[in-house]
2 protein chains.
Amino acid sequence: MSVIGKRLKEARSRVGLSQERLGILAGIDEMSVSARMSQYERGVHTPGYPLVERFAEVLEVPVEYLYAKDDDTAELLLYFHRLSADNKARVIEMTKNMDLER
Amino acid sequence: MSVIGKRLKEARSRVGLSQERLGILAGIDEMSVSARMSQYERGVHTPGYPLVERFAEVLEVPVEYLYAKDDDTAELLLYFHRLSADNKARVIEMTKNMDLER
DNA sequence: ACCAATACTAAGTAATACTTAGAGGTGGGG
DNA sequence: CCCCACCTCTAAGTATTACTTAGTATTGGT
C-alpha cells in the first residue's frame, strides 16, 4: 500500500466516513467516486495535490500528514495541527533548541 | 508556484545544488533532467511520490517537508527531522499534552 | 440466508508527465 | 564588449498515468 493510501484510510477510519462519502465531501463526482477512492487507498492510483488538500480539510488533518512516511512524524503533525498559534511557536522554539544542542 | 515547487527550490538553494545536479543525484536521466527539474520547480508538472522521496534524501529533509503548505509546519519538520529518537519522543509528548490541555 | 452498504476491479478514454530540441538568461575572463 | 560555460526555461510530440464506466466481490446487520 502507498503512503497516501495508508494515511487516507487511517484518517478516514478515525472520523468514521465511507470511502464514497469522503470522496463526495471532497468534491469528486458521484459517478466515479467509488472506483477512484478505492484506487487511491489501495495505491493503484495517486490523487493530485489539490485533491489531497481537500481530503485533508474534510478529515481535519494537515495536508502534510497524508504524505507522512514515518509514523512518529504523522503523529506529531496531527497534534501540532490543532494547537493555537502561540503553542505552535513554543513547539517550534523547543524543537529548534533541541536541534542546536547537539 | 506549486507547494512542491516552492519547497524544492527552498531546500535546493539551502544546500547549494543546481536543478540539474539535484535531479541527477535523485536518479533522473541526464537527457531530460534539466527540463523536468524546471517543470517541477515552476509547477508545470508534479513529480511522483517515489521521486519526491529521492529528492528528500538528497536534500536531507523529511519527505513531508516537500509537501508542506504552511511555513510553520515546514520549519518544524526541518528541525524535528534531525532529532534523536529520544528527543523526537519528547517533542511528540509535549505537543500531545499541549493539545489535550484545551 | 438475505439485503443494503461498502469496497473493489478490468478495460477503455481522457488527462498528465516525460522527452526532445533548442532558446533565453547570468556571470566571469579576456 | 564578446565569448564561453553554466543554468534555467519552453513548446510540442510521445509515453505514461489517472479517470470513467460498468459492473463484481465483500462485509455487516437482521
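Only a predicted model underlies this, so the values are computations on that prediction, with no experimental measurement involved. Because only heavy atoms are used, hydrogens play no part in the values below, and waters and symmetry mates are left out as well, while side chains stay in.
- Residues B:Thr95 and A:Arg90 have side chains not in contact (no heavy-atom distance under 4.5 Å, counting atoms from C-beta outward).
- In this structure, the helix from C:dA1-D:dT30 to C:dG30-D:dC1 shows an angle of 50° between the axis at its start and the axis at its end, each fitted on 5 base pairs and rounded to 10°.
- A continuous path of hydrophobic side-chain contacts links B:Leu66 to B:Tyr40 [ILVMFWY only; heavy atoms under 4.5 Å].
- At distances below 3.5 Å, not a single donor-acceptor pair connects side-chain atoms of A:Arg36 with backbone N or O atoms of A:Ile28.
- Nucleotides of DNA chain D that come within less than 4.0 Å of any heavy atom of chain B span, from the 5' end to the 3' end, D:dC7 to D:dA11.
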Give every donor-acceptor pair under 3.5 Å between a side-chain atom in residues 49-58 of chain A and any protein atom, sequence neighbours left out.
from, atom 1, to, atom 2, distance (Å)
A:Tyr49, OH, B:Tyr67, O, 2.9
A:Glu53, OE2, B:Lys69, NZ, 3.2
A:Arg54, NE, A:Ala26, O, 2.5

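- When atom types are taken as modelled, the side chain of B:Asn97 and the backbone of B:Glu93 share a donor-acceptor pair closer than 3.5 angstrom.
- At a non-hydrogen distance threshold of 4.0 Å, A:Ser38, A:Gln39, A:Arg42 from residues 36-52 of chain A come into contact with DNA chain C.
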So which protein N/O to nucleotides 21-28 of chain C N/O distances come out below 3.5 Å?
none

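- A straight line from CD1 of A:Ile28 to P of C:dA7 spans 13 Å, rounded to a whole angstrom.
- Hydrophobic clustering places B:Val63 together with B:Val15 (ILVMFWY residues linked when any side-chain heavy atoms are closer than 4.5 Å, directly or through intermediates).
- Summarising the geometry, atom CD belonging to B:Glu75 is positioned 5.0 Å from atom CD1 belonging to A:Ile92; distances are rounded to the nearest 0.5 Å.
- A:Leu59 and A:Leu25 fall within a single hydrophobic cluster, where Ile, Leu, Val, Met, Phe, Trp and Tyr are joined by side-chain heavy atoms under 4.5 Å apart, directly or via other members.
- A salt bridge (charged side-chain N to carboxylate O under 4.0 Å, His left out) check over residues 38-52 of chain B, counting only residues at least two apart or in different chains, returns the pairs B:Arg12-B:Glu41.
- Here the side chain of A:Ser38 pairs no donor or acceptor atom with the backbone of A:Ser34 at under 3.5 angstrom.
- A salt bridge links A:Lys6 with A:Asp71; the closest basic N to acidic carboxylate O contact falls under 4.0 Å.
- Under 3.5 Å, the side chains of A:Glu64 and B:Tyr65 contain no donor-acceptor pair of N or O atoms.
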